[in-house]
Amino acid sequence: MAEKPLSDGLLRWYRSHARALPWRAPPGKKPPDPYRVWLSEIMLQQTTVAAAKPYFATFTERWPTVEALAATASEDIMAAWAGLGYYARARNLHACARAIVADHGGQFPSTETELRTLPGIGAYTGAAIAAIGFGEPATVVDANVERVIARLYAIETPLPGARPEIRKMAELLTPEDHAGDFAQAMMDLGATICSARAPDCTRCPLQNRCRAARTEDPGKFPFKAPKKTKPVRRGTAYWLERDEAVLLVRHPERGMLGGMRALPSHGWREPAADPVETPGDIDWIRYGTVRHVFTHFALELDVVGGHVLTDEAPEGEWWPIAMIEEAGLPTLFAKAVTLVAAYRENDP
DNA sequence: TAACCGTGGCG
DNA sequence: TCGCCAAGGTT
């Protein structure tokens, strides 16, 4: 006798256990606004729900439509994205919004294939928007789905090598109807029950169909290739002030943190081994060191400060220190600002 | 293909 | 304290 589709039980579980999220329609309901689906999916790339939520609220308040977003200056979008990380997402967000308006009449395309031609939309996001925003039977595979499927079938091939095998199983499991709810159900299951560190199989609606659940340690799936250790880099950031309480801020277009405002700095973008000397013609204050971990290296950034007397503007803009919060600095430099503020609090 | 690209939370 | 991890995409 044929077994019932696994999706039946999962969808039933989802109808009573779906997380209520600002960008989401309740199970079984009409898909939400594709603009909101798209915006949420971009924000959620490699990002937790908790981190994305306040940004989603801010963006939808300031820019309720894709037309509004497309008409906005890039600088404003980048500043609003500050702190969320992976800043290429914000650059692509703007490019995608403009492409939707310029080439698609302001409407998101509904198919995975068309969506994937847009900036910032890859295999996962294209499928997610098609399924969740348009009800298309697209197969959505993210890290949650990978984990759930690796456990369902006790796949011992380590990631990323197991991806083709996992995708095949995901395609077989995806139902023709309610593919959007199915995808969100898989992700909710992965986020709340079949979690990475501590799966709670006793609460799982798929427990009786799961091979890993019958093993001693279901949490050991999926297997993963060993990670490389992160090198530590060192550099210096400069708090350069003029008498009018303004601070020199730069705006590099390329490289790390490209498109974001930044404090003048050097040394850390290259894998330099030695501490960097600071120029000797200014009476420097040493504020301390900021530590920050990026995706592929850790950073120790010495923060030094000095007064600039010249009227000549070095490369960059003079930003009022009282308004530094509005500069949209990425977290690395926001930490440096905090360090300087704390130093002055204690030693004014 | 593998390197590059942020950040915050959790065990 | 520290490594792992998260609704990945681009080059």
Side-chain angles (χ1 to χ4, degrees), chain A residues 18-19 21-24 36-56 78 81-93 95-96 115-133 138-148 159-161 163 167 170 180 182-192 194-199 219-220 222 224-233 254-260 262 268-271 290-299 328-335:
Chain A
R19 289 176 293 173
L21 300 172
W23 45 82
R24 178 179 273 187
R36 293 167 65 88
V37 175
W38 164 71
L39 182 60
S40 68
E41 290 301 341
I42 302 300
M43 287 184 170
L44 288 164
Q45 288 168 5
Q46 297 287 284
T47 305
T48 58
V49 166
K53 265 185 181 176
Y55 286 85
F56 183 82
M78 300 302 290
W81 196 275
L84 197 53
Y86 283 136
Y87 298 102
R89 292 187 295 173
R91 294 195 294 273
N92 287 328
L93 189 82
C96 183
L115 285 161
R116 282 212 48 177
T117 67
L118 292 160
I121 300 183
Y124 162 77
T125 306
I129 297 172
I132 298 170
T139 299
V140 178
V141 181
D142 74 329
N144 289 300
V145 175
E146 285 181 352
R147 184 170 60 255
V148 170
L159 287 170
R163 294 237 160 89
R167 164 159 290 280
F182 176 74
Q184 293 177 96
M186 289 286 275
M187 293 190 278
D188 276 20
L189 186 67
T192 63
C194 196
S195 62
R197 297 169 193 277
K220 75 180 181 186
K224 295 197 174 181
K227 300 214 189 294
K228 292 169 183 173
T229 58
K230 291 180 190 194
V232 178
R233 297 188 193 172
R254 304 184 171 281
M256 275 297 276
L257 309 177
M260 304 298 289
W268 62 277
R269 292 163 201 274
E270 305 300 325
V290 161
R291 288 175 175 75
H292 194 73
V293 181
F294 292 105
T295 308
H296 56 291
F297 65 93
L299 174 64
L329 292 174
T331 298
L332 167 66
F333 295 117
K335 284 181 179 176

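All chains are named by letter (A, B, ...) in the order of the sequence lines, taking the proteins before the strands, and each is independently numbered beginning at 1.
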A.B. asks: If you define the side chain from C-beta out and look only at heavy atoms, does anything of A:F297 sit under 4.5 Å from A:M256?
C.D. replies: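 The answer is yes, as the side chains (C-beta and beyond) meet within the 4.5 Å cut-off.
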
A.B. asks: Report the residues that fulfil side-chain contact (heavy atoms from CB on, under 4.5 Å) with A:A90, sequence neighbours left out, ordered by chain and then residue number.
C.D. replies: A:M78, A:W81

A.B. asks: Between which nucleotides of DNA chain C, 5' to 3', does chain A make heavy-atom contacts below 4.0 Å?
C.D. replies: C:dG3 to C:dT10

A.B. asks: What does A:A123 touch in the nucleic acid at a heavy-atom separation under 4.0 angstrom: a base, only the sugar-phosphate, or nothing?
C.D. replies: sugar-phosphate

A.B. asks: When you compare the side chain of A:V49 with that of A:W23, does any pair of heavy atoms fall below 4.5 Å?
C.D. replies: yes

A.B. asks: Provide the distance between the two P atoms, one in C:dG9 and one in B:dG8, to the nearest whole Å.
C.D. replies: 22 Å

A.B. asks: Please report the distance separating the P of C:dA7 from the corresponding atom of B:dC5, rounded so that it comes out in whole Å.
C.D. replies: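 After rounding to an integer number of Å, I get 23 Å for this pair.
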
A.B. asks: Does any N or O in the side chain of A:S40 come within less than 3.5 Å of the main-chain N or O of A:V37, such that one atom is a donor and the other an acceptor?
C.D. replies: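 Yes, the answer is positive, given that a donor and an acceptor are paired below the 3.5 Å cut-off.
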
A.B. asks: Please confirm whether the shortest side-chain N or O distance from A:K228 to OP1 or OP2 of B:dA2 is below 4.0 Å.
C.D. replies: no

A.B. asks: Counting only N and O atoms by type, is there a donor-acceptor contact under 3.5 Å from the side chain of A:K230 to the main-chain atoms of A:F294?
C.D. replies: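 Checked: pair present.
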
A.B. asks: So A:A128, base contact, sugar-phosphate only, or nothing? Heavy-atom distance under 4.0 Å.
C.D. replies: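 No contact.
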
A.B. asks: Pick base, sugar-phosphate or nothing for A:R19, based on heavy-atom distances below 4.0 Å to the nucleic acid.
C.D. replies: base

A.B. asks: Touch check for A:L21, heavy atoms < 4.0 angstrom, all strands: base, sugar-phosphate only, or nothing?
C.D. replies: base

A.B. asks: Test of understanding: with side-chain hydrogen bond (donor to acceptor under 3.5 Å, both in side chains), list the residues that count as partners of A:Y124, not counting sequence neighbours.
C.D. replies: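 Partners of A:Y124 under the side-chain hydrogen bond (donor to acceptor under 3.5 Å, both in side chains) test: A:E41.
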
A.B. asks: Just checking A:W23: base, sugar-phosphate only, or nothing, at a heavy-atom cut-off of under 4.0 Å?
C.D. replies: base

A.B. asks: What string of B, S and - do you get for nucleotides 4-11 of chain B, 5' to 3', when a contact is any protein heavy atom under 4.0 Å?
C.D. replies: SBBBSBBS

A.B. asks: For A:Q45, what residues pass the side-chain contact (heavy atoms from CB on, under 4.5 Å) criterion, not counting sequence neighbours?
C.D. replies: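 Partners of A:Q45 by the side-chain contact (heavy atoms from CB on, under 4.5 Å) criterion, ordered by chain and then number, come out as A:I42, A:R89, A:T125.
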
A.B. asks: Can you find a heavy atom in the side chain of A:W38 that is under 4.5 Å from one in the side chain of A:L93?
C.D. replies: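 The answer is yes, as the side chains (C-beta and beyond) meet within the 4.5 Å cut-off.
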
A.B. asks: What residues, two or more places apart in sequence or in another chain, satisfy side-chain contact (heavy atoms from CB on, under 4.5 Å) together with A:R36?
C.D. replies: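 So A:R36 forms a side-chain contact (heavy atoms from CB on, under 4.5 Å) with A:D33, A:F56, A:T60.
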
A.B. asks: So what does A:R91 hit on the nucleic acid, given a heavy-atom distance under 4.0 Å: a base, only sugar-phosphate, or nothing?
C.D. replies: nothing

A.B. asks: Does A:T125 reach a base, just sugar-phosphate, or nothing at all? Heavy atoms under 4.0 Å.
C.D. replies: sugar-phosphate

